[in-house]
**Q** 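Below you'll find the structure I mean.
Position 1 is the first residue of the sequence; numbering continues from there.
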Amino acid sequence: MVELAGIIILGIIAQWVAWRLKLPAILPLILIGLLVGPIATLFTEDGAKIIAPIWNGEKGLFPGESLYYFVSLAISIILFEGGLTLKRSEIANVGPAITKLITLGSLVTFLGGGLAAHYVFDLSWQISFLFSGLIIVTGPTVITPILRNIPLKKDISAVLKWEGILIDPIGALVAVLVFEFISVGEGHAFTKTAFVEFGKILLFGATFGFTFAHALAFAIKKRLIPHYLLNVVSLSTVLLVFVLSDSFAHESGLLAVVVMGMVMGNIDLPNLKELLYFKESLSVLLISILFILLSANINMSDLELIYTWNTALLFALVIFVIRPLGVFLSTSGSSLKFKEKLFISWVGPRGIVAAGIASLFGSKLLLLEEPGAEYITPLVFMIVLGTVLLNATTARIFAQMVGVFLKKSEGILIIGASKVSRLIAHYLHQNKRHVVLIDNNQANINKAKKLGLEAMTANIYSDSLQDNIELNDMGYLMALTGNAEINTFALDKFKDQFGENGAFRLVNSDEMKDPQNNPEEGLFSHTDDFIKLMDAVRKYPAIHEIDIQHKDHYDSLIARTQKDNDIIPVFTKSPDGSIDIIHANNTDFVPSGEGYKLVYLGKALDIEGISLTKQEGEDEN
């Protein structure tokens, strides 16, 4: 009982440490597992592990084959959750470079890793290609913490993010198929019977996964499952599919749950997000338990097995040859520059799926007495730990060395995607600024996307926004919602991460009545709240520019806007095209030469002799 409770407690502590230090959770989890497992045998009095999943074959926390059953069920849930995140629309929209990375890049890793393992360790072709299939995956859980605090161009972040998301289930599927192909042969020649068994695995795995995915989706859509039972029914269905498929064709269960997840992820389900949140929470708990168990189950003899120069050579080939080769072949002809390809080549940490499936498959193949199976778990754990450590410690430095590190974050994050926000974002986009709108109103997001703007559905009260590595270049934060509490909360929560150059919000109705005591983060006119902004934009949906001749002229223009509720100054624009947000702290703006402009929204200023340039946004509809 103490050991079981200790595993859960240590797992959650490791997750917290990873969050606090902004590291991939897999790193402290595996290190803790190794510390209480094989390393503990070096300093305990009786030379025993502090936590022993299995000892003396039939004793321990999980005697006999019970550990493998637990790992199998846990991996099935994790793979199902990964499959839910893979959508056809995302593959179609991520661009040719990412599509090639998850196809051609995976093939290069699979073939290159297999050849390297075979010739470096003299492993059989079957075991070599199982190893290479396992190291295909990267995974968002290891990529995101590493890149979260590295300001990068949007294109680089997007490539790494989507590669990690999309390649997880694909890599898992490849590894499952290779393992199943090996297991049906049971270490012997691949006879006609073996191929028939492999065909049965494919048939039953795909059939059960596809059928139960549609059955569960039908039940959810027809509201045959009460809301409070939705998550647990889904969980039990995943376990049912895994066990049922496995009973018809041995080792087909993992394939079935991956297929089930992929199919359900591409069906329009009303409760899919809620289901994903539940599966993510469950996956965190299972991963915390799983990786301490799996690391603790490794023996010192396993570590001694790979304590050779051959291990360093294999690691070097994977990192410095195979990964760059896959990246450069996949991105040839793309808009990515050489230095950007070089950085993407450097960042390729392997993750939770690789380590978990490696331990499961390695253990099962040992039971089948497959030659070389003892190398699978320690070699994959070495690749996982080595790549995570390497990238976690050097990614920022390497980004600076190759010149992809953004010295100043110029992106603008706008909270709220109302008509006012869309109009302002459209102007910024036309002036070559990276701007992103976020809102939990899908209708507003859809309207923004129709304008060609980058917009995402998000809840600012959720932590998921902070993990979005595509927002790494955000340096300005503007809260433009109609809710004063949300605006204030957004600044308090995100100003350090997304507002290093400035974080601003609209004034509320009480502050608007007292412009002399306007808050430092107050935006624009300081006398207009969201209601007045919306009213002005409803009547005059346009943004204008007007030349500023000198300081007194600027002051007179601002005074003129304060007399008309339908004219609201928003930016100043310098001769080189750079744009500054008008806020409470820059009311003493002084133009330092010709070419400066005042940018305002609403009704056009009718001042004779001064040129006006109208920047159209969207129409009334």
Side-chain angles (χ1 to χ4, degrees), residues 24 26 97-139 142-143 146 156 159-160 162-164 166-168 170-175 177-179 306 308-334 336 338-355 357-358 361 372 375-395 398 402:
I26 194 172
I98 305 175
T99 304
K100 286 181 182 178
L101 265 178
I102 63 175
T103 52
L104 179 59
S106 296
L107 181 62
V108 170
T109 303
F110 182 65
L111 295 177
L115 289 169
H118 176 72
Y119 287 108
V120 172
F121 276 93
D122 197 27
L123 300 175
S124 67
W125 287 113
Q126 300 98 293
I127 295 296
S128 298
F129 282 113
L130 177 59
F131 165 79
S132 64
L134 288 165
I135 64 168
I136 285 175
V137 297
T138 53
V142 287
I143 287 285
I146 290 173
I156 304 175
V159 167
L160 289 167
W162 287 109
E163 181 197 15
L166 299 176
I167 211 170
D168 235 8
I170 292 172
L173 187 58
V174 171
L177 291 177
V178 174
F179 168 74
I306 63 169
T308 67
W309 285 109
N310 287 349
T311 303
L313 176 59
L314 180 62
F315 183 79
L317 288 172
V318 170
I319 300 303
F320 301 116
V321 178
I322 297 171
R323 171 68 176 175
L325 182 62
V327 170
F328 276 86
L329 284 176
S330 301
T331 56
S332 62
S334 70
L336 292 170
F338 176 80
K339 61 184 181 180
E340 295 168 346
K341 296 177 184 179
L342 200 60
F343 180 77
I344 294 170
S345 300
W346 185 256
V347 180
R350 271 54 178 183
I352 284 166
V353 171
I357 300 180
F361 289 174
Y375 281 93
I376 286 294
T377 301
L379 280 181
V380 173
F381 268 67
M382 176 272 297
I383 294 293
V384 170
L385 269 177
T387 53
V388 171
L389 277 171
L390 179 68
N391 291 151
T393 55
T394 65
F398 193 77
V402 299

**Q** Might you point out which heavy atoms bring Ile127 and Gly372 nearest each other, and give the distance in Å?
**A**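 Closest approach of Ile127 to Gly372: CG2-O, 3.7 Å.
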**Q** Determine whether a donor-acceptor pair (N or O, by modelled atom type, separation under 3.5 Å) exists between the side chain of Thr311 and the backbone of Ile306.
**A**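 A pair under 3.5 Å: yes.
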**Q** Find the distance between CZ (Phe338) and OG1 (Thr331) and round it off to the nearest 0.5 Å.
**A**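 Phe338 CZ to Thr331 OG1: 10.0 Å, rounded to 0.5 Å.
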**Q** Please table the atom pairs, donor to acceptor, closer than 3.5 Å between any side-chain atom in residues 317-326 and protein atoms at least two apart or in another chain.
**A**
residue: Arg323; atom: NE; partner: Ile344; partner atom: O; Å: 3.4
residue: Arg323; atom: NH1; partner: Glu163; partner atom: OE2; Å: 2.7
residue: Arg323; atom: NH2; partner: Glu163; partner atom: OE1; Å: 3.2
residue: Arg323; atom: NH2; partner: Ile344; partner atom: O; Å: 3.0
residue: Arg323; atom: NH2; partner: Val347; partner atom: O; Å: 2.9

**Q** Report yes if some heavy atom in the side chain of Leu130 is under 4.5 Å from a heavy atom in the side chain of Leu134; otherwise report no.
**A**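 Yes. Closest side-chain heavy atoms under 4.5 Å.
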**Q** Hey, could you give me the CG/OG1 distance between Leu101 and Thr103, rounded to the nearest 0.5 Å?
**A**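 If we round to the nearest 0.5 Å, Leu101:CG and Thr103:OG1 are 8.0 Å apart.
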**Q** Extract all donor-acceptor atom pairs below 3.5 Å that involve side chains of residues 388-395 and protein atoms in other chains or at least two apart in sequence.
**A**
residue: Asn391; atom: OD1; partner: Gly348; partner atom: N; Å: 3.2
residue: Asn391; atom: ND2; partner: Trp346; partner atom: O; Å: 2.8
residue: Thr393; atom: OG1; partner: Leu389; partner atom: O; Å: 2.7
residue: Thr393; atom: OG1; partner: Leu390; partner atom: O; Å: 3.2
residue: Thr394; atom: OG1; partner: Trp346; partner atom: NE1; Å: 2.9
residue: Thr394; atom: OG1; partner: Leu390; partner atom: O; Å: 2.5

**Q** For Phe315, check ring pair (Phe, Tyr, Trp, His ring centres under 6.0 Å) against everything at least two apart and list the hits.
**A**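 If we apply the ring pair (Phe, Tyr, Trp, His ring centres under 6.0 Å) test to Phe315, skipping adjacent residues, there are no hits.
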**Q** Phe328 and Leu342: which non-hydrogen atoms are nearest, and at how many Å?
**A**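 Result for this residue pair: CZ-N, 4.1 Å.
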**Q** Got a second to check how far Leu336's CG is from Ser330's OG, nearest 0.5 Å?
**A**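 OG of Ser330 is found 11.0 Å from CG of Leu336.
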**Q** Within this structure, what is the OG-NZ distance for the pair Ser334 and Lys341, rounded to the nearest 0.5 Å?
**A**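 If we round to the nearest 0.5 Å, Ser334:OG and Lys341:NZ are 4.5 Å apart.
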**Q** Would you name the heavy atoms of Arg350 and Val384 that are closest together and state the gap between them?
**A**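 So the two residues come closest at O-CG1, 3.7 Å.
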**Q** Can you list, pair by pair, the side-chain donor-acceptor contacts under 3.5 Å of residues 114-121, counting residues two or more places apart and other chains?
**A**
residue: His118; atom: ND1; partner: Leu123; partner atom: O; Å: 2.5

**Q** Sequence neighbours left out, what passes side chain to side chain contact (heavy atoms under 4.5 Å, CB included) with Ser132? Give chain and number order.
**A**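 Phe110, Phe129.
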